[in-house]
Amino acid sequence: MQDSKELWQSKLFFSTELLQWYERSKRDLPWRRHRDPYYIWISEIMLQQTRVDTVIPYFQRFIERFPTIQDLAEAPEEDVLKCWEGLGYYSRARNLQAAARQVVERHGGAVPDNKAEVAALKGVGPYTTGAIMSIAFNRPEPAVDGNVMRVLSRYFLIEEDIMKTATRTLMEELATELIPEGRASDFNQALMELGALVCTPKSPQCLICPVMARCAGRLEGAEERLPVKSKAKPPRPEYRLVALVEGDGENAGRVLVRRRPDTGLLARMWELPHIPADAAPGEGAGLPDGPAMDRLTAALVEAGPGVMARPVGPFLNAEHTFSHIHWNLRVFRFSAENAPAAKGGGAVLAAVAESAAAYDAGSGAASTSAAEPLVEYRWITREDMDSLAFPNVFLRILNRHFEEA
DNA sequence: AACTCGGGGGA
DNA sequence: TCCCCAGAGTT
């Protein structure tokens, strides 16, 4: 029998010591200052794949801008995205707002104290369901994130690959057993706090760990190699040519940007126009980038907004790594000449319908108007950046440009 | 089960 | 600079 008396004692020891440690060691975090389920929810979504120190300023700004679920539900999506700018995984923000609307419509604007209903909210998966139910409502549900799997795999010497679904299920069962009666909120937070502060991925601080005495991983000397985790694939490289086009005439001092499509990578975020490049940048030092500039020039006219632009020269190179893609960006400066339809600041310049034909041919399911723009172009000033959401890589390029200008 | 989806921090 | 971190949705 696996579940010997010794194992039972180890579990009791773990829960008891951990809870006591948490009482004296817990950090004073903004979302721990109240029990509002809305704030717990926001913080848990932001904390997915994101460190506490990064989240804090975003959380403060977010609840200031959207103090209630109602406020969030009624806000323009642009505002929500702007508030999320720089945090990454922007579908979290879009799903969060969609879920806020769900809560307003189905639950009268209050987060439901019901597991199935919480789990049904957009962007709320198994972990966040458990986190909300336990932290906000003190329900005995497991909240198994990376921290928890690391702590449990070490303490109980679990060698299963934590990337596998079956392992997470096992961890959830174990974590549920460990919750002391009536203490789900504190215990689950304690578990994650230990993973964040003591039982860290590298160089865990075993000597100050409250449960070191019975940690099977530590006693085996295995704490550094746990948890067992299969490696992720390296990101595939992608090479893009980017145009930084400065306007002329009425658009003097403005830069041409576009909004990304509704789905996929960086959906609905703004960016500089760019096109794919075949291969790595020619490393020939000092060679003019004539061919690349020519292709960009043509793209701005043909596929893009019909902008006639004169190449000025290379501006800078930039790199950006996503989980699965590594972007190599070569940014070139252009000067617009006689930009068409330049009717003044911020006007929509043109729409690209490059894939409209293929779409229509495919299904004929033209649910939206045929004139619906797939990509929207605008001439923007630095001030316009205060209301448009850009991914960090383009934020850096644009800031550099406006600093020099 | 495999793939998609950002960005930051530490060695 | 390189390496590591990892929840939810989609297919």
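In what follows, every chain begins at residue 1, and chains take the letters A, B, ... in the order their sequences are listed.
- To the nearest whole angstrom, the two C1' atoms, one in C:dG9 and one in B:dG8, are 23 Å apart.
- Spacing of C1' atoms, C:dA6 relative to B:dC3, comes out at 14 Å, to the nearest Å.
- A ring-ring contact (aromatic ring centres under 6.0 Å, His included) with A:Trp31 holds for exactly one of A:Tyr38, A:Tyr58, A:Phe59; it is A:Phe59.
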Practice task
For DNA chain B, just give me the dot-bracket, please: Watson-Crick or G-U, both distances below 3.5 Å, ( ) intra-strand, [ ] crossing earlier pairs, | paired with another strand, . unpaired.
Solution key: |||||.|||||
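- For residues 102-112 of chain A, there are no side chain to side chain donor-acceptor pair (under 3.5 Å) pairs, not counting sequence neighbours.
- For the contact set between residues 130-150 of chain A and DNA chain C, defined by any heavy atom under 4.0 Å, the members are A:Asp145, A:Gly146, A:Asn147, A:Arg150.
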Completion exercise
Readout for nucleotides 2-11 of chain B: B = base within 4.0 Å of protein heavy atom, S = sugar-phosphate only, - = neither; 5' to 3' it is --SBBBBS--
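- For DNA chain C, the outermost nucleotides in 5' to 3' order that have an atom under 4.0 Å from a heavy atom of chain A are C:dC4 to C:dG9.
- Screening residues 69-84 of chain A for side chain to side chain donor-acceptor pair (under 3.5 Å), with sequence neighbours left out, gives A:Arg65-A:Asp79, A:Thr68-A:Asp71, A:Gln70-A:Glu74, A:Glu77-A:Arg268, A:Glu78-A:Arg259, A:Lys82-A:Glu85.
- At least one donor-acceptor pair closer than 3.5 Å links the side chain of A:Arg101 to the backbone N or O of A:Ala73.
- Between A:Phe156 and A:Phe14, the angle of the ring planes lies from 30° to 60°, which puts this pair in the tilted group.
- With sequence neighbours excluded, no residue forms a salt bridge (charged side-chain N to carboxylate O under 4.0 Å, His left out) with A:Arg35.
- A:Asp186 pairs by the side-chain hydrogen bond (donor to acceptor under 3.5 Å, both in side chains) definition with A:Arg183, not counting sequence neighbours.
- Both A:Val124 and A:Lys231 sit near DNA chain C, but only A:Lys231 has its closest nucleotide nearer the 5' end.
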Show every donor-acceptor pair shorter than 3.5 Å between a side-chain atom in residues 201-209 of chain A and any protein atom, with sequence neighbours excluded, or say none if there are none.
{"from": "A:Gln205", "atom 1": "NE2", "to": "A:Ser203", "atom 2": "O", "distance (Å)": "3.0"}

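- Applying the side-chain hydrogen bond (donor to acceptor under 3.5 Å, both in side chains) criterion to A:His326, with sequence neighbours excluded, gives A:Glu319, A:Thr321.
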Ignoring hydrogens and angles, write down the donor-acceptor pairs under 3.5 Å from the side chains of residues 125-137 of chain A, residues two or more places apart or on other chains.
{"from": "A:Tyr127", "atom 1": "OH", "to": "A:Glu44", "atom 2": "OE1", "distance (Å)": "2.5"}
{"from": "A:Thr128", "atom 1": "OG1", "to": "A:Gln48", "atom 2": "NE2", "distance (Å)": "2.8"}
{"from": "A:Thr129", "atom 1": "OG1", "to": "A:Gly125", "atom 2": "O", "distance (Å)": "2.7"}
{"from": "A:Ser134", "atom 1": "OG", "to": "A:Gly130", "atom 2": "O", "distance (Å)": "2.7"}
{"from": "A:Ser134", "atom 1": "OG", "to": "A:Ala131", "atom 2": "O", "distance (Å)": "3.3"}
{"from": "A:Ser134", "atom 1": "OG", "to": "A:Asn188", "atom 2": "ND2", "distance (Å)": "3.0"}

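- Taking the six-membered ring wherever Trp is involved, the centroid distance between the rings of A:His274 and A:Phe394 falls below 6.0 Å.
- Aromatic ring centres of A:Phe315 and A:Phe332: separated by at least 6.0 Å.
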Expected list for residues 217-233 of chain A: side-chain donor-acceptor pairs under 3.5 angstrom, two or more places apart:
{"from": "A:Arg225", "atom 1": "NH1", "to": "A:Glu159", "atom 2": "OE1", "distance (Å)": "2.9"}
{"from": "A:Arg225", "atom 1": "NH2", "to": "A:Glu159", "atom 2": "OE2", "distance (Å)": "3.3"}
{"from": "A:Ser230", "atom 1": "OG", "to": "A:Asp161", "atom 2": "OD2", "distance (Å)": "2.9"}

